[in-house]
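The structure under discussion appears below in the form of structure tokens.
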Amino acid sequence: MADYYELLGVSKSVGTDEIKKAYRKLALKYHPDRNQGSKETEDRFKQVTEAYEVLRDPEKRSIYDQYGEQGLNRGAGGASGFGGFDFSDALEVFMRDFGGFGDLFGERQQRGGSRSRPKGEAIKVRVHVSLQEVATGVAKTLKVAILDTCERCSGTGSADGAAPGICATCQGSGEERQAQRTVFGQFISVVPCRTCRGEGRVIEERCPQCHGEGRARSQRPIKVEIPPGVTSENFITLRGEGNVGLRGGPRGEVLVLIEVEEDARFVRDGAHLRYDLPITYSQAVLGDEAEVPTVDGTVRVTIPKGIQSGEVLRLRGHGLPELHGRSKGDQLVRIVVWTPDRLTPEQEEAIRALQEVEDLAPEQLDGDSGRSIWSRVKEAFTQA
Ligand SMILES: [Zn+2]
Ligand SMILES: [Zn+2]
């Protein structure tokens with residue numbers, strides 16, 4: 001085989017850059033994509049690539065300089081040897097160092113300018129809100145543990161803080177074409193570049209702080225506006241507030257999962273709140289006024305006389321707002337006539353006196369005061 005230096009048309013004293021330049025020029029000239037599969041140029045392509053592959057490597061070059069091609073082929077067990085360099089090896093070498101063929105002729109399809117960097121992973125945070133806060137809506141500032149830009153390298157991931165260089169393997173495309181020669185012909189497959197893992201850029205020396213990730217653990221205050229009327233089924237997506245991506249990639253999302261705290265006093269029913277108001281027999285019979293807690297403060301409610309246990313008073317507008325709606329729910333106050341199970345002698349005497357004169361309960365509750373009590377809702381008369 002011809003002398004490697006002669007093949008590349010360079011002198012024995014040139015540096016690696018010169019060799020690379022000379023090879024690139026020849027490789028483009030003899031590249032099979034440009035020569036319609038001519039056997040002659042294919043062989044030339046293989047030869048110049050083989051020469052380049054040896055001379056670009058200082059170790060192989062020095063063996064070649066001392067012992068010639070034989071020296072390379074003599075490598076122990078073939079592991080460090082150089083025998084059997086074939087055409088597909090040549091294509092791989094070319095693509096490893098110069099990327100896809102199209103790139104070099106400006107034929108590569110533009111993918112919207114610079115390669116889009118992967119954004120940071122989404123994170124979930126839980127926020128607890130009280131029923132009062134559901135009623136009014138609330139702005140909260142959450143301390144969220146996220147991955148933030150590494151301060152040492154400003155997110156570049158490189159030790160000197162410089163922007164990562166274009167990956168020499170894929171020329172920044174992030175893709176690698178693998179040529180495979182099979183009995184069916186040559187196959188070219190496009191895979192993510194192995195050198196840069198598809199990013200198109202590589203770091204010379206990794207930042208010692210973040211090990212080249214360009215990001216570090218941090219606490220970040222994140223403000224979230226929780227609208228009135230939310231439930232525990234709702235969540236809020238904050239775009240661009242979360243983890244930064246690798247090496248300066250854009251921030252990902254924060255999913256704020258809402259957890260409405262239980263309030264022992266109320267049972268939520270959509271926008272309505274149910275509330276049980278225990279009253280005494282005499283209050284039920286004679287009527288009274290009572291203080292009732294609501295999400296917007298205590299209100300005084302008039303208990304109409306003769307109210308039945310189980311009847312419901314509606315406090316209009318004292319419920320919760322509908323999410324993104326204009327209307328507000330009501331608070332439904334269910335009357336529960338409480339029966340004492342312990343009496344003082346004085347109380348017992350009074351009750352016995354009542355028993356002497358009271359009417360018997362009807363055998364069956366009819367119509368208005370019967371079963372329908374459970375669904376009957378009276379408009380309550382309230383004072384703020
Ligand atoms: Zn760093
Ligand atoms: Zn690459």
Side-chain angles (χ1 to χ4, degrees), residues 16-17 19-21 23-24 27-28 31-33 45 49 52-53 56-57 88-123 144-180 186-221 240-252:
T16 312
D17 280 355
I19 285 165
K20 194 168 180 175
K21 228 180 275 175
Y23 166 66
R24 183 174 181 271
L28 292 178
H31 196 287
D33 285 8
F45 181 76
T49 305
Y52 163 72
E53 190 62 356
R56 64 176 271 283
D57 181 333
S88 73
D89 293 330
L91 271 176
E92 259 195 65
V93 166
F94 179 82
M95 280 181 284
R96 181 196 65 207
D97 290 3
F98 296 96
F101 192 62
D103 292 356
L104 301 155
F105 298 96
E107 290 163 6
R108 186 161 69 97
Q109 289 166 342
Q110 282 304 117
R111 287 165 207 262
S114 61
R115 265 184 87 71
S116 60
R117 314 196 57 70
K119 68 177 181 181
E121 309 81 356
I123 42 178
V144 181
I146 62 157
L147 293 168
D148 217 334
T149 307
C150 171
E151 282 177 11
R152 175 152 182 166
C153 64
S154 311
T156 59
S158 69
D160 55 5
I166 302 237
C167 172
T169 307
C170 64
Q171 298 290 293
S173 72
E175 289 172 350
E176 217 176 329
R177 288 174 213 192
Q178 290 179 333
Q180 263 188 311
Q186 181 184 307
F187 286 93
I188 307 253
S189 55
V190 178
V191 295
C193 171
R194 282 168 294 182
T195 308
C196 62
R197 286 177 296 170
E199 288 182 41
R201 286 171 186 277
V202 285
I203 298 160
E204 295 290 320
E205 201 186 328
R206 288 167 186 269
C207 166
Q209 189 90 7
C210 63
H211 309 291
E213 284 231 335
R215 51 189 194 169
R217 283 179 201 287
S218 166
Q219 287 259 331
R220 189 170 136 97
E241 297 272 3
N243 291 331
V244 295
L246 282 173
R247 289 178 282 289
R251 285 188 191 279

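Atoms within a ligand are numbered from 1 in the order they appear, just like the ligands themselves.
The local environment of CG in D17 is sparse, with at most 12 non-hydrogen atoms from other residues, nucleotides or ligands closer than 6.0 Å.
Here the angle at the Zn ion (ligand 1) defined by SG in C153 and SG in C207 stands at 110°, rounded to 10 degrees. Expressed to the nearest 10°, the angle at the Zn ion (ligand 2) joining SG in C167 with SG in C196 is 120°.
With 2.8 Å as the limit, H211 does not count as an N, O or S neighbour of the Zn ion (ligand 1).
With sequence neighbours excluded, the residues forming a ring pair (Phe, Tyr, Trp, His ring centres under 6.0 Å) with Y52 are Y23, listed by chain and number.
Residues E176 and V190 are not in side-chain contact: their nearest non-hydrogen atoms beyond the backbone lie 4.5 Å or more apart.
In summary, R220 and E241 engage in a salt bridge, as defined by a charged side-chain N under 4.0 Å from a carboxylate O.
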